[in-house]
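Contents: one structure, followed by commentary.
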Amino acid sequence: MENAVENKNNKFIRYLKLIRQHIAQFFVKYRYFFIKIGISVITLALTVILLFFLLRLIPGDIVQEYALKLQGNRGIPYEQAYELAKDLLNYDPNENIFEQFGRYIGGLFRGELGVSYIETGVSANTLIATRLPWTLFISSVALFLSFFIGTAVGCYAANNRGKLVDKISSGYIAISGSIPDYLMALLLVIIFAFQLRLFPNAGNYNAFETTPGFNLPFIGSVLYHAFLPILAYTLVQTGTWILQMRGSAIGVLGEDYILSARARGLSEHTIHKKYVKKNAMLPMITMLGVSFGALFGGATLLESVFNYPGIGLEISNRIISKDYMVVQGLIFFSSAMVICVNLLVELIYPLIDPRVRRAA
Amino acid sequence: MVINMNKENIVEFRDVSIAYPLKKFTLQAVTNASLPLKKGMITALVGESGSGKTTLASSLIQCISEPGKVVGGDIVFNDNGNEIFINKLKDKELRKFRWEKVSMVFQAAQSALNPVMKVKDHFIETMNQHGMKKVTMEEKEAKIKKLLNFVKLDVDRVMDSYPHELSGGMKQRVMIAFALLLDPEVIILDEPTTALDVITQYFIFTLLKKINKEMGISMLLMTHDISVVAKFADYVAVMYGGRIMEYGDVHYIFKNRYHPYTRGLIGATPSILGSTKDIEAIEGNPPNLLDLPKGCIFNPRCKYCQKICQEQEPESLSIDNMSKGKCHFYKEI
Amino acid sequence: MANIKEFGSKVWSIICLVSKFIYESILIPIWNFIKKIFKNPKSAVGMSILIVFILIGIFGPLIFPYSAETDVANKYLWPSLEHPFGTDWLGRDVFRQIIAGTGNMLQISFYTAIISVLIGTILGILAGYVGGVVDKIIMSITNIFLSIPSFPVYLLLAAVIVINGSLSFALIISLFSWAGLCRAIRIQVVSLKERDFIQICHVMHMSRTHIIFNELMPNLFSYIAINFVISMRNAIVASVGIMFVGLAAYDPTNWGAIMQAARDKGLVNVQNVIILLYPLINIVIFQASTLLLSNGLDETLNPRLKVM
């Protein structure tokens, strides 16, 4: 009888040990992933702290201002308005800095990124919902367009080093590298929108003649308005991609496996496609991921040159109108997206590059 | 100028010169080199680093590293009595010729495989590109397995590995198996054991000797290890500053040491039995290919240098008469 | 007496050492560096243009002094001998405005480059050389600055803090621009540390200061020099961008401010477009010259790239 109990106990302990072993093995096996995730979480936390202190730099008592405004708008007594303002802004200047920080973190966890105290009913969340799609539309189209053009041209230029194509692409790199993207945008706007009047100089679609939805005039109008921003972005970005891909491909061309592939009698086509391009692309994919993460912040200047209502334009307008709570929320959002996308890239990368896969 | 090929030779280098045109000057890496490779034999090419061994050998499959070019002479392959002028092959013919007739084991076997492809895929890809697309997958895999088995590798593991997962010795053996893939007649071995430990070196050379004996594949072995040459090679050619100095049977060359450079080279090799006092390095530095000395290019380092050596370059070896060394006083000193 | 003498000789020896150090470790390398710059055609052209800009920045305002007085009667004049670039909407000379703005632009870019290179190099070497916890802390700080989008924060700071000069402007821009440099330097240091010559120094128990200043620094020098030029480029892009949004308008002659003002006046008017083009072209020339300089430096200082 006693023996049976002991046996059962032993069995139980053995199971426990086994489970613990499995968990340990699980952590060891996916150590790479856990370390990456951990680093990202720490970075995010530190970013939150930094942004919190950035907000404390803002002079003046924003709660008081907002309360006065609420008082005027809603016709409620000042005390009540002040309480309401504190709640809405999620910020109490009378608390000490730790309590304020706690409040701020709480807001973030509830998903409240920041309320506007200039416009009622507007917050960072609503702005992200309405503006982000436009930003992502133009910038991701431009990014992928320039990525594909740039890597193809860069690879081709590397294969034909010193020939005419290479010289032309080097010249293009130098020119596009000397013009900041917003100045390129400005030139395009001046030429095509203000002087030739071929394209609109502001907005994302014609609100008077089209209705948003899945219809042809609307889509046409969107594309028509997005053309110049995408062109400006692509023109400048393509140069960078050509430069990077060319460098990467030239590095690969010097590798021994290219020579040995040639000695094996493989066709140049196969060598370029399976050997040069595949290996040269690996670092490009990481860079593409990082660039994609940066898109979520919007291209502030580009959007403001085209008056294109994306996140970037929103940030610059709200900074000028001193709507700092919203700005803070938007900056937090874009930093968080950068960190998340970088993490995703790092987690996916082992699937692409076998060398990292096994090492991980 | 048609020279009928000696039946015994599988490859003949006839007065080959190879140059690298660079921006400001042209670098002559190989000058008037003539060299036969005897069928079924191992011919060794010895010389210091930078003497043009690799350049000469890679001209055999027209894989000279950019921007090198054959600027003179012919490289002729004996394809069962038909002469193939390798340096005049068109791109398509050349692609077929490479690996089917002549394959190569590279000096840097460590990085000679595409890092993003599995070992197996390298083999299959090469077979596909050499007109074996229609062969079934099973047959291909059976062939790969046979080859990997032959070089004594753990077949199942290696086939599905990526190159970085193999050790240096394993990669070298994969490369040797790889070189045998299309049953070539000649294999070029470019310092096949440089980065390997002594035991693996021995293993690899025994393996190569076995391939040579059992399959009758001729080999061109490049090395600066004289002891390896003495042990494994049948013929030896000594190279210095892009020129062939002496050629002949290994025993004949090593025993007589007629050429002063060969004498120096052998004298500089330590032996296990002798004391280190007997080692004698060759004085001076290898020649600067951009600024060659007048006359015999070995004269600044030669102990037996005479007046004529500083004025006139000795005659180069020619394919018809390989027994005369490139020295004014060959067999006299 | 003896004390004073001893003290004097000590001071003298220190002066000797310092001057020797300045001569050998600063003057000679700088001279060699300048010689190297002018050997490569790319960096020679880039450097020459940059020197022209610097000369204009220093002596331009003395030769062509600018007055902000308005003269509405002479507004929108076409280019003439008196006004080489014409006049703006208030009758001010555009040519003199641009010359007056040159010095300011150069100051911003130099200050930013100096500050960010200083911070980036020190932190990068510290992180890479010391390693361990220090490395982790510095790298996580660097990561934050790399993941927060920099431009919105520049705008925020420019709106919150009053920018009243090129130094404060440069401080704001370098708040973010050091981070990328720090990471790059750290990677370099980590790879150098594994090299044989540094390992030998460790084995020989050489002091850390010796290793850092005599062994690491000369090898990092080319890297730092190139990044200095790149920081200058980025500073121009960022500062003009900030002014482009309409913030930090402390100096109306700054190129960004001129462009912003012309843009505000309306780009349908060709006159405004022309006024805007002068600073724009200048910025493009400046960017092109620094690009040439950094590429040329890269070619001369990292010879392995030359073969490619």
Side-chain angles (χ1 to χ4, degrees), chain A residues 39-40 42-44 46-47 49-51 54 57-59 158 161 173-175 177-183 186-187 189-191 193-195 197 201 247 250-251 253-254 293-294 296-301 304-305 312 315-317 319-320 322 324 327-328 330-332 334-336 338-339 342, chain C residues 42 136 139-162 233-234 236-238 240-242 244-247 256 259 262-263 266-270 272-274 276-277 279-281 283-292 294-295 305 307-308:
Chain A
I39 290 173
S40 300
I42 292 170
T43 312
L44 195 62
L46 291 172
T47 309
I49 295 172
L50 190 79
L51 286 177
L54 204 63
L57 284 176
I58 296 164
R161 225 172 324 151
I173 293 166
I175 292 169
S178 304
I179 306 181
D181 52 4
Y182 57 88
L183 291 187
L186 189 64
L187 281 175
V189 159
I190 288 172
I191 296 169
F194 284 107
Q195 297 302 324
R197 291 166 195 266
N201 59 39
I250 284 175
L253 276 171
F296 287 84
T300 311
L301 277 166
S304 84
V305 169
I315 290 178
S316 66
N317 283 347
I319 286 172
I320 291 167
K322 301 198 186 303
Y324 295 125
V327 171
Q328 189 200 20
L330 293 177
I331 293 178
F332 168 75
S334 41
S335 327
V338 169
I339 294 168
N342 284 359
Chain C
K42 272 189 195 172
K136 288 207 174 87
M139 280 334 282
S140 52
I141 294 170
T142 312
N143 271 338
I144 308 170
F145 281 96
L146 285 174
S147 39
I148 297 178
S150 56
F151 195 71
V153 181
Y154 291 157
L155 291 184
L156 191 62
L157 288 173
V160 173
I161 300 167
V162 180
R233 290 168 60 75
N234 294 342
I236 294 286
V237 173
V240 172
I242 292 170
F244 217 65
V245 175
L247 292 165
M259 282 161 73
R263 208 173 129 223
L267 293 174
V268 182
N269 187 345
V270 183
N272 287 334
V273 172
I274 291 170
L276 182 147
L277 281 179
L280 193 149
I281 291 168
I283 290 170
V284 172
I285 294 173
F286 183 87
Q287 293 293 74
S289 76
T290 42
L291 185 73
L292 280 173
S294 66
N295 283 0
L305 290 172
V307 192
M308 294 180 182

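Quantities reported herein were computed from a predicted structural model and do not represent experimental measurements. Heavy atoms only: backbone and side chains are in, while hydrogens, waters and symmetry mates are out. So that the names make sense, note that chain A is the first sequence line, chain B the second, and so on, each numbered from 1.
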Margin query: Does any backbone or side-chain atom of C:Ile236 lie under 4.5 Å from a heavy atom of chain A? Answer side chain, backbone, both or neither.
Written below: backbone

Margin query: For the interface with chain A, which of C:Thr290, C:Ile283, C:Val240 has the highest count of heavy-atom pairs at distances below 4.5 Å?
Written below: C:Val240

Note to self: So does A:Gly177 get a backbone contact from the side chain of C:Arg233, meaning a donor-acceptor N/O pair under 3.5 Å?
What the structure shows: yes

Notebook entry, point to check: Okay, side chain of A:Tyr182, backbone of C:Phe244: is any donor-acceptor separation there less than 3.5 Å?
Noted result: no

Note to self: Under a 4.5 Å cutoff for heavy-atom pairs, which residue among C:Ala288, C:Ser289, C:Pro149, C:Ser147 has the most contacts with chain A?
What the structure shows: C:Ser147

Margin query: Nearest 0.5 angstrom please: C:Ile141 CD1 to A:Leu46 CG, how far?
Written below: 8.0 Å

Checklist line | chain A contact via C:Leu276 - which portion, at a heavy-atom distance below 4.5 Å | finding: side chain

Notebook entry, point to check: In Å and rounded to the nearest 0.5 Å, what is the CG to OG distance from C:Leu155 to A:Ser304?
Noted result: 9.0 Å

Note to self: Using heavy-atom distances under 4.5 Å, tell me whether C:Met139 contacts chain A through its side chain, its backbone, both, or neither.
What the structure shows: neither

Note to self: Among A:Asn317, A:Leu51, A:Val305, which residue has the highest count of heavy-atom pairs closer than 4.5 Å to chain C?
What the structure shows: A:Val305

Margin query: Could you report the tightest heavy-atom contact between C:Gln287 and A:Pro180, atom names first, then the distance?
Written below: NE2-CG, 4.4 Å

Next item on the list: Please flag which part of C:Leu291 lies under 4.5 Å from any non-hydrogen atom of chain A: side chain, backbone, both or neither.
Entry: side chain

Check: What distance separates C:Asn143 CG from A:Ile42 CD1, expressed to the nearest 0.5 Å?
Finding: 10.0 Å

Item checked: Minimum side-chain heavy-atom gap C:Pro152-A:Thr300 below 4.5 Å -> yes

Note to self: What part of A:Ala174 gets within 4.5 angstrom of chain C, counting heavy atoms only: side chain, backbone, both, or neither?
What the structure shows: both

Next item on the list: Select, from C:Leu157, C:Leu146, C:Leu280, the one with the greatest count of heavy-atom pairs under 4.5 Å involving chain A.
Entry: C:Leu280

Check: Looking at A:Leu253, A:Leu183, A:Ile315, which one has more heavy-atom pairs under 4.5 Å with chain C than the rest?
Finding: A:Leu183

Next item on the list: Sort out for me which residue in A:Ile190, A:Leu187, A:Leu186 forms a side chain to side chain contact (heavy atoms under 4.5 Å, CB included) with C:Val273.
Entry: A:Ile190

Check: Pick from A:Ile179, A:Leu330, A:Ile331: which one has the most heavy-atom pairs with chain C under 4.5 Å?
Finding: A:Ile331

Item checked: Separation of A:Thr47 OG1 from C:Phe145 CZ (nearest 0.5 Å) -> 9.5 Å

